[in-house]
Each structure stands twice: as C-alpha cells, then as structure tokens.
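These notes are about the structure you will find just below.
Order of the sequence lines sets the chain letters (A, B, ...), proteins ahead of strands, with each chain counted from 1. What you see below is based on every heavy atom in this structure, not just the backbone, and it leaves out hydrogens, waters and symmetry mates.
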Number of protein chains: 2
Amino acid sequence: LIELQNITKIYKSGEVETVALRDVSLFIEEGEFVSVIGPSGSGKSTLMNIIGCLDTPTRGNYFLAGKSVSKLSDSELAMLRNKMIGFVFQQFNLLQRATVLENVLLPQLYSGNRPNKKEAMALLERLKIAGLESKYPNQLSGGQQQRVAIARALINKPKLILADEPTGSLDTKTGEEILKIFEELNEEGVTIVIVTHEPYIARKARRTVALRDGSIEFDEHINEG
Amino acid sequence: LIELQNITKIYKSGEVETVALRDVSLFIEEGEFVSVIGPSGSGKSTLMNIIGCLDTPTRGNYFLAGKSVSKLSDSELAMLRNKMIGFVFQQFNLLQRATVLENVLLPQLYSGNRPNKKEAMALLERLKIAGLESKYPNQLSGGQQQRVAIARALINKPKLILADEPTGSLDTKTGEEILKIFEELNEEGVTIVIVTHEPYIARKARRTVALRDGSIEFDEHINEG
Ligand SMILES: Nc1ncnc2c1ncn2[C@@H]1O[C@H](COP(=O)(O)OP(=O)(O)OP(=O)(O)O)[C@@H](O)[C@H]1O
Ligand SMILES: Nc1ncnc2c1ncn2[C@@H]1O[C@H](COP(=O)(O)OP(=O)(O)OP(=O)(O)O)[C@@H](O)[C@H]1O
Ligand SMILES: [Mg+2]
Ligand SMILES: [Mg+2]
C-alpha cells in the first residue's frame, strides 16, 4: 500500500537547511498495524506528512496504492488523499469557527459525499464525546479536541489511518479506548500507522519503526506467530 | 501560597451550562510538588487557569500569596501573575510571528525586565533546543514547540510553575529530562503544579490531586517520611 523509496526531506529557510528525513525507505502492506517511535525532532511528523500526501519529498519516490504520487496532479492527489486517508494531526488542526459536528463532517464534503450526520454522531458516541456536537473547539478540553480530530479522521471510512500522537492529550484510560478503536478498525482491514511515544501503544502494533535524526534506526516485527 | 476556597466554574454558552469545576477547595504551600491527574474533561486545565489568574471562578475565593485575587485590579493581577507564575500551556500558545528567542523573552518584556538574551540561550541549551532560536514555531516539531513553551515559562525565574501536560508531545526520554529540570527547580524552592496523565510523572510528585467530573476525587501525599 505504502512504498517510500529513498525519501529525503530538506527544509530550507534562507541560508539554513534542516535535513528532516535522510534516505528513508519503507514498505507497508495493506492491513498492517505499524507504530513509529523516536525522539523529539527525529522526523516522525515529517514522515507522516509525506505518507499522507500533505508534503512532497526533496528526493526519492513515493507510491501509494501503486500510484506514483509525484506524477499526480494536485486535484488527483487531493482526491486520492481524501478518499483513502484519515489523518489525525499532532496539533489537531480543527477549524476554530466550525462546530464539532461541522469539523467531523468536513472530509465528507471534500470527498463529494453527502454529509452523513448519523455516522458522525455515532463516531462521537464511540469516542465518548457525544453531547459536544454544537460546541466550538475553543470550548473543549485538550483531550476532547483530540477526539474530535480522531472522529474527523474516521468519517470517510479510510483504508489508511495516519495518527500522529493521537493520545498525547489523553489520560491513559481514554487513550486505551482510542487504541481499541484502532485495533477494531485494523481487524476490519484498515491499515494503521501511529506515531507514539507511549510504550503501551507501540507494543500493541505488530511492527515498530524507530527513527533517529531523520533515518530509520530499526524496523522490527513483533509477535510474529 | 495557593488557597482555593469552594471554587466553582460554570461555562455558559447560550442556553448550555457546563460545570467545569464544582466546589473545589485546595491549599498548596510554597515549595510543594503537586501532580494533578484525572480523565479528559475532568477540569484540570480549568483549575490551572484559575490558579494561574487567567480565568476567574464563578463562585468561591482564591488567595495567591495571601492576596485575594478577585480584589485586585486587572493591572495588579497581570503584574502579580507575570512576576510570580510561569505557565506551560497544554497547547503551547506560542506567538506564530515571533521567533523562538522572541517567544522565550516575551515574559521578560511584560514584567518590565530588560530582556536577558544570555539567560534565554542557556534555557534553550538546557532543554536541548539550542540552535533553534531564530526559527518560527511552524518550523519546529511538536516536541520542540513544547520545549520553547517550557523555556518561556522559566525565563522570569517564577516562584510558581503551572505546567499543563508539559510532556504530552515528548518522547519518554526527553520527558524525563524535563521532569529533572522541574525537580531541580523544586529543590531550589519553586512550587510546581503539573497536570499529567503519565503515571511516571505523577509518581515523582510528592502529592497527587485527582479530579473527576469537576470535583476532587482524592488528594494524597506520597512518600511521606
Ligand atoms: N471555554 C469553554 N466553554 C465551555 N465549556 C468549556 C470551556 N472550556 C472548557 N470547557 C468544558 O469544561 C470541562 C473541563 O474542561 P478542562 O479543559 O478543564 O478539562 P481537562 O481536565 O483539562 O481535560 P483534558 O485532559 O482533555 O485536557 C470540559 O467538559 C470542557 O468541555
Ligand atoms: N516547516 C519546517 N521548516 C523547517 N524545519 C522544520 C519544519 N518542520 C519540521 N522541521 C524540522 O525537521 C525536524 C523533524 O521534525 P518533525 O516534526 O518531523 O519531528 P518529530 O519527530 O515529529 O518530533 P516531535 O516528536 O517533537 O513531534 C526537526 O528538526 C524540525 O525542527
Ligand atoms: Mg511530531
Ligand atoms: Mg486539559
């Protein structure tokens, strides 16, 4: 499903160059459950942004579902991304002027689907934030905002979920409930890639990719058998 | 140092009322190291905002360093807060159009001190983000932004540090380094109140206050003796 070949990402700001990813190759098959770990600044979010077609590599090739991402037009890329990928951002990125319900339904608008309010409400229920649908993000606690971001990532029933520290603002019990939802989706065939610094989450994945200074330090399958 | 008496906080939005804190009383002496835990939405950030004089209670009294906070004028309150308190926000709240260095020095400008660039650089060094001083927040990783927020909270050498999930975006190793800094400051007499959902951090505090649905569920001293 995901094929990154020799991906390098360099951010330039005036004279300063930051190598965020250095010659990273990574193949993830459909249905996998992968955790990505590594120190702060090691390139995890950058990697997720490239996998999620939100950023382009400086060098290297990326094939998503067999398609060469760099060869797609902007609108083709947006459509592929919108139909296939659910993204939970490290800093939520909710629309401040839209209600919780509107935020959750947004990906449906973008993918040209008729907004399904019933499904959105069912997601809020599952994430234990039912009752908050008419509130605005700045009226929510950090963990409630994070769960709105998770609901939004799930509304289009994506084949691939990219979650960047989805439990960073959640207490352990609520974090475990989120993890359970990801495990259930994975059992239904959804591919899950989750950046986390929580060992209990990394352990639940069947494979762990560790980054350090922009390169893959190790890539291990756990629980083989 | 901190004396909350029967604090209730109700958010009103049109017809909807949310009771974020319900009759909370809490006394914290100078030099204490307190962790605040509880499920998402239980009122932890609301409690921190009231202690940090960033929000006013709907009912009840708050005395900070013996002064009745509700009786101070806005400018007296701002001055007290600025001189005494360092606040690490759950979502960082960095100025997007200011560099890392400018963000860290901001509290010094507000407290009328001459900005001490040397001290700011030393803090960045201690937090392992030296070299990033000329970057803007949107050029940093989540954990780097969190450490800028921590540096900013420490620049005025506050007597009270209120840290709302200061390691939420940090890998465990970096999180432990942050905790060590807080422990060192506490040994120098700084009062620390830290909201966390990480058990390893809650255990390092000498006292844990647990919130549930806006009330104090338990308030226990650990390691007495
Ligand atoms: N500005 C606001 N307007 C309306 N309701 C609010 C507002 N801020 C917070 N709330 C509500 O108050 C309650 C407590 O929120 P608070 O942010 O204190 O929780 P928290 O314990 O910090 O949660 P988390 O662990 O998720 O950060 C929540 O139910 C939240 O929805
Ligand atoms: N837009 C940008 N411009 C310049 N440098 C950037 C930009 N975004 C990220 N970086 C740099 O790239 C490196 C990797 O960043 P990234 O956000 O991928 O790290 P991360 O592993 O997600 O860290 P964290 O665990 O703290 O979230 C960091 O050194 C960061 O400062
Ligand atoms: Mg990141
Ligand atoms: Mg909070």
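- Heavy atoms closer than 4.5 Å to chain B are found in both the backbone and the side chain of A:Ser40.
- For B:Phe92, the part lying under 4.5 angstrom from a heavy atom of chain A is the side chain only.
- With chain B as partner, the option from A:Ser169, A:Ser134, A:Ser45 having the largest number of non-hydrogen pairs under 4.5 angstrom is A:Ser169.
- Contacts between B:Gln144 and chain A at a heavy-atom distance below 4.5 Å involve backbone atoms as well as side-chain atoms.
- Counting only heavy atoms from C-beta outward, the side chains of B:Ile161 and B:Thr191 never approach each other to under 4.5 Å.
- Heavy-atom distances place the side chain of A:Gln139, and not its backbone, under 4.5 Å from chain B.
- For A:Asn138, the CG atom is densely surrounded, since the number of other residues' heavy atoms within 6.0 Å is greater than 12.
- The most heavy-atom pairs under 4.5 Å with chain A, out of B:Pro39, B:Ser42, B:Ser13, come from B:Pro39.
- The heavy-atom pair separating A:Val195 from A:Pro166 by the smallest distance is O-CD, 3.6 Å.
- Between A:Gln108 and A:Glu119 there is a side-chain heavy-atom pair separated by less than 4.5 Å.
- The minimum heavy-atom distance between B:Leu105 and B:Ala120, with the atom names listed, is CD2-CB, 3.7 Å.
- Checking side-chain atoms of A:Tyr110 against main-chain N and O of A:Asn82 turns up no donor-acceptor pair under 3.5 Å.
- In this structure, the portion of A:Thr18 lying under 4.5 Å from any heavy atom of chain B is its side chain and not its backbone.
- Interface summary for chain B: among A:Glu198, A:Lys135, A:Lys44, the most heavy-atom pairs under 4.5 angstrom belong to A:Glu198.
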